[in-house]
There are 2 protein chains.
Amino acid sequence: MAAQRGEGETTTTPAEPADRERARAIPEAAVARLAVYLRALSGMADQGVTAVSSEELSQAAGVNAAKLRKDLSYIGSYGTRGVGYDVEVLVSHIERILGLTRNHSVAVVGIGNLGHALANYGGFPGRGFPVTALFDVDADLIGIPVGGIPVNHIDEITAICLEREVSIGVIATPPPAAQSVCDRLVSAGVQCILNFAPVVLQVPDNVEVRKVDLAVEMQILSFHVARRADEAAGVSVDNNGLGVDGMVSRP
Amino acid sequence: MAAQRGEGETTTTPAEPADRERARAIPEAAVARLAVYLRALSGMADQGVTAVSSEELSQAAGVNAAKLRKDLSYIGSYGTRGVGYDVEVLVSHIERILGLTRNHSVAVVGIGNLGHALANYGGFPGRGFPVTALFDVDADLIGIPVGGIPVNHIDEITAICLEREVSIGVIATPPPAAQSVCDRLVSAGVQCILNFAPVVLQVPDNVEVRKVDLAVEMQILSFHVARRADEAAGVSVDNNGLGVDGMVSRP
DNA sequence: TACCGCTTGTGAACGCATGCACAAAGTCGA
DNA sequence: TCGACTTTGTGCATGCGTTCACAAGCGGTA
């Protein structure tokens, strides 16, 4: 999870020392789902539900019940056999694991359309993520508050991020600016970056980057449309573009 | 090569009917990367680069070269050994596989901050995704053009989507409205949905949903911050919060 | 107290994805 | 034309993640 991301290093040596830690690590995919469970549980808590079974919760989260139980088992055994889980207890344990107890301060860089949207998200749904700083290069924006927070010039990133102890940086700039902004965030001590710019960021090993790429998402959907259309058209699924002619004699 | 793909299986079992199709399917993860390769290639083409090796392209895309070659092999053999790939050729083949040749028309529902941002994205980076319809419930927004497209009332979804042959619906509404909007999109024949609302959508089998969940992304980052902080503090990675005492001495 | 039924927690099998390593296949220079 | 060099395409092994299936454990009931 942490120390992977590409890295074509030919570490021909087999057993790494990091394996021991990994043994107790929670799979990345499971972490993502824990966040989903947390939302479902929060909703239940708000409605006064106090207990829930793996079956119910898994349906609310849109996953398989066995997977949910396994995911929860990574963080410990907090259920009661024959009964289920206490909602409050589960919420607090997931929050602890996800590190939501320490209130992460968030900085958004690039106050364009998307930046505006992010700034106004206000504390982000699921709470615990106060946006405490906004940055842009555009002089017209500086000082103007968006979502209650004034916009600062991008040159102040380092100082302000350090001062406000920003732990998560969100990049919502145009692609060409992304790497430079990223570098500045990193030098300001930010170790987690959420990148909306369609750019592959270069970062040191100790920085975690997650990417949200709208174009990629759209294109994946497009792929599925195309595949369906092909199937519907009776065209035997054909990856090589030679149409009906090229080979393909699949009985 | 393209003639056979996933035949490793001892066909002892009569085999499911769906297996045959699956044999030719491209792994989901590879599809996502193809979109990334495509962007890198487009950038190269714009700069006049005409040929590229798997090594170069893999670096631009931030992945391992072997993985890239395997991904490309799923769509056919379009490289030249000893030389590399022709940029133009690769671009056109990836575009074909991703279905970008048929211009997908996109509808955005929910013209709040995020909806605005999406509407203004204008054709989406990576082109080929014209936004042709916007919807909202707010009467104050109806008729006002955003990013050049007038906003329609949500009740018109079905009619307009059918008329404009919308193939991808983007949901950027508040959570409570999401499922209902989704249902309407589906009944309008939309088979692909990109969902920004933090809700688990219920859809028929023939509809593809992708979810972009900002809160989840943030929480995943938060998890990594927390894990790092723990490690830095010398706390042996401890998932159950009971400190050294709790459970399990798994070696 | 002892039994019964329900739900959790998890060992084990399976399947997909990743990375390696090399043969195949092409180019280029002599 | 031939040989050396370069880079692709892919079989194979490995590891992660998902799913299955069931024993363990707990509350309720007689």
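In what follows, every chain begins at residue 1, and chains take the letters A, B, ... in the order their sequences are listed. Nothing here was measured: the structure is a model prediction, and the numbers come from that model.
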Among [options], which nucleotide has an atom closest to any side-chain atom of [X]?
X: Y74(B); options: dT8(D), dT10(C), dT18(C); answer: dT18(C)
X: P27(B); options: dA17(C), dT8(D), dG9(C); answer: dA17(C)
X: S53(B); options: dT7(C), dA17(C), dT7(D); answer: dT7(D)

What I want to check is whether the side chains of [X] and [Y] have a donor and an acceptor closer together than 3.5 Å.
X: T101(B); Y: R96(B); value: no
X: E28(A); Y: H224(B); value: yes
X: Y37(A); Y: D71(A); value: yes

With rounding to the nearest 0.5 angstrom, report the OH to OG distance, Y85(A) to S54(A). 5.5 Å
Find the distance between CG (L90(B)) and CG (L72(B)) and round it off to the nearest 0.5 Å. 5.0 Å
Mark yes or no for a side-chain to base donor-acceptor pair under 3.5 Å between K70(B) and dG9(D), with no hydrogen or angle criteria applied. no
So which protein nitrogen or oxygen atoms get under 3.5 Å of nucleotides 25-30 of chain C's nitrogens or oxygens?
| residue | atom | partner | partner atom | Å |
| --- | --- | --- | --- | --- |
| dA25(C) | O4' | R81(B) | NE | 3.4 |

Please report, rounded to the nearest Å, how far the [atom2] atom of [N] is from the [atom1] atom of [X].
X: I26(A); N: dG9(C); atom1: CD1; atom2: P; value: 14 Å
X: D71(B); N: dT18(C); atom1: CG; atom2: P; value: 7 Å
X: R69(A); N: dT7(C); atom1: CZ; atom2: C1'; value: 7 Å
X: E28(A); N: dC16(C); atom1: CD; atom2: C1'; value: 18 Å

Of all pairs that satisfy salt bridge (Lys or Arg N to Asp or Glu O under 4.0 Å), the ones with a partner from residues 190-200 of chain B, not counting sequence neighbours: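 Listed once each, the pairs would be none.
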Within the distance-only criterion (no hydrogens, no angle test), does the side chain of S58(B) pair as donor or acceptor with the backbone N or O of N64(B) below 3.5 angstrom?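 No; zero donor-acceptor contacts below 3.5 Å.
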So, does [X] get its side chain near the phosphate of [N], meaning an N or O under 4.0 Å from OP1 or OP2?
X: S54(B); N: dT8(D); answer: yes
X: Y85(A); N: dC26(D); answer: no
X: K67(A); N: dT19(D); answer: yes
X: R33(A); N: dT18(D); answer: yes

Kindly indicate, with the supporting measurements, whether the criterion side chain to side chain contact (heavy atoms under 4.5 Å, CB included) is fulfilled by F223(B) and Q219(B). CA-CA 6 Å; F223(B) 168 79; Q219(B) 289 172 1; over 6 Å; no
Do T50(A) and V87(A) have side-chain heavy atoms sitting under 4.5 Å apart?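 No - every pair of side-chain heavy atoms lies 4.5 Å or more apart.
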Any residue of residues 56-66 of chain A with a heavy atom less than 4.0 Å from an atom of DNA chain D: N64(A), A66(A)
